[in-house]
Amino acid sequence: IWLKFGDYSNILVNLCVIRKNFINYAQTLWIWNKKCYNTTNPIFKESKVKFSVKNPIPGFENIKEVEITKIDDFFVKMQDVDSQTSFTMINPYALRPEYEFDIPTPYKNLLEITDESQLELYTIVALSSPIEESTVNFLAPVLCNTTSGTLAQIVLDNRYYPNFGQAEKISNYVQKQ
């Protein structure tokens, strides 16, 4: 992936100039339980979508409902509806096309995931300057069931996912033009 990073203010402004091959790459399908889920975030045709938080986000147990706002084709902002607490998240497939894991059964039940469920997956980003120094938490993705309007942060066991880090730099996955 070849990305050229521009300046950003509070969240991100002018994040990427995309190489032509990236469009095909971003539309890669994620296969899970013999189902394909499009990773281009079709639910966010609307600017804001609300979700009920079904499993407390570690350190933010008071957050019960969030609103997710699309920033661009890669990033979204997740904000607590009752406070100013917010997180910037990225589509993990924009950085790691091979990113996959088994969704634990308790989360499947908690999020009411069925064969018909539309799922969206994000990872939380800790923003830094320059943007290449920002880090991504691949060990605790946020899974959204857009069908039921529910989400949860899934904390993965690093014994089973040794290639996923909790604070992986974006620079490990992209090169400047």
Side-chain angles (χ1 to χ4, degrees), residues 8-13 15-16 26-97 99-127 134-157 161 164-168 170:
Y8 70 97
S9 57
N10 286 342
I11 303 226
L12 293 170
V13 178
L15 179 66
C16 303
Q27 294 181 8
T28 300
L29 295 177
W30 172 42
I31 299 177
W32 169 74
N33 278 355
K34 300 179 185 176
K35 264 194 86 167
C36 294
Y37 297 98
N38 191 325
T39 62
T40 56
N41 306 326
I43 192 65
F44 293 106
K45 291 177 183 173
E46 299 177 36
S47 62
K48 296 181 181 183
V49 180
K50 285 189 179 180
F51 291 93
S52 173
V53 178
K54 291 297 189 175
N55 190 50
I57 297 170
F60 299 90
E61 290 78 10
N62 60 327
I63 297 177
K64 304 297 182 205
E65 186 176 27
V66 297
E67 193 171 71
I68 296 182
T69 306
K70 180 178 177 176
I71 297 171
D72 60 25
D73 288 339
F74 309 104
F75 290 89
V76 296
K77 176 183 173 184
M78 178 174 69
Q79 181 160 354
D80 180 13
V81 296
D82 295 327
S83 74
Q84 294 298 315
T85 304
S86 68
F87 303 89
T88 300
M89 302 190 300
I90 190 170
N91 176 338
Y93 304 102
L95 300 174
R96 296 179 80 159
Y99 185 68
E100 66 180 35
F101 59 90
D102 294 322
I103 299 173
T105 301
Y107 288 101
K108 289 179 189 176
N109 296 335
L110 195 60
L111 296 175
E112 305 165 15
I113 296 174
T114 66
D115 288 340
E116 291 76 36
S117 295
Q118 293 289 325
L119 303 177
E120 298 291 332
L121 186 66
Y122 298 98
T123 50
I124 293 178
V125 178
L127 294 174
S134 298
T135 58
V136 179
N137 184 351
F138 288 108
L139 270 176
V142 176
L143 181 62
C144 305
N145 182 346
T146 61
T147 306
S148 66
T150 58
L151 72 72
Q153 184 175 31
I154 299 174
V155 179
L156 301 173
D157 188 334
Y161 301 98
F164 295 170
Q166 196 171 11
E168 296 188 37
I170 288 179

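- Heavy-atom minimum distance, Q153 versus A140: NE2-O, 3.0 Å.
- At distances below 3.5 Å, at least one donor-acceptor pair connects side-chain atoms of E61 with backbone N or O atoms of G59.
- Put simply, the side chain of V136 reaches to within 4.5 Å of the side chain of I170, judged on heavy atoms.
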* Asked: Taking it one step at a time, do F74 and L95 satisfy side chain to side chain contact (heavy atoms under 4.5 Å, CB included)?
  -> CA-CA 9 Å; F74 309 104; L95 300 174; over 6 Å; no

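- Test Y99, Y161, Y122, F101 against F138 for ring-ring contact (aromatic ring centres under 6.0 Å, His included) and you get one pass: Y99.
- K64 places none of its side-chain heavy atoms less than 4.5 Å from the side chain of V53.
- Within the 3.5 Å criterion, the main-chain N or O of Q118 finds a donor-acceptor partner in the side chain of T147.
- One distance of note links OG of S148 with CD of E112; it measures 4.5 Å at 0.5 Å rounding.
- A salt bridge is defined here as a Lys NZ or Arg NE, NH1 or NH2 lying under 4.0 Å from an Asp or Glu carboxylate O, and E67 with K77 fails to meet this definition.
- When side chains are defined from C-beta on, V76 does not count as touching K48, because their heavy atoms never get closer than 4.5 Å.
- N137 and L139 make their closest contact through OD1-N, 3.0 Å (heavy atoms, listed as atom of the first residue, atom of the second, distance).
- Contact of the V142 side chain with the L121 side chain is not registered, since no non-hydrogen atoms from C-beta on lie closer than 4.5 Å.
- Taking all atoms of both residues into account, the shortest heavy-atom contact from K54 to T150 is CE-CG2, 3.4 Å.
- Taking 4.5 Å as the limit, every side-chain heavy atom of D80 sits out of range of all side-chain heavy atoms of S86.
- Side-chain atoms of S117 come within 3.5 Å of backbone N or O of T114 as a donor-acceptor pair.
- Looking at heavy atoms from C-beta onward, K50 lies in side-chain contact with V81 at the 4.5 angstrom threshold.
- Minimum heavy-atom separation, I124 to M89: CG1-CG, 3.9 Å.
- A donor-acceptor distance shorter than 3.5 angstrom exists from the side chain of N145 to the backbone of L111, with no hydrogens or angles considered.
- Remark: N55 CG to L151 CG distance equals 10.0 Å, nearest 0.5 Å.
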* Asked: Which is it for V125 and T135 under the side chain to side chain contact (heavy atoms under 4.5 Å, CB included) test, yes or no, and what are the steps along the way?
  -> CA-CA 6 Å; V125 178; T135 58; over 6 Å; no

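- The closest side-chain heavy-atom distance from I103 to L143 is below 4.5 Å.
- The CG atom of N91 lies 9.5 Å from the CG atom of D73; values are rounded to the nearest 0.5 Å.
- Closest approach of V155 and P58 over heavy atoms only: CG2-CG, 4.2 Å.
- Here the side chains of F87 and I63 are in contact, with some heavy-atom distance below 4.5 Å.
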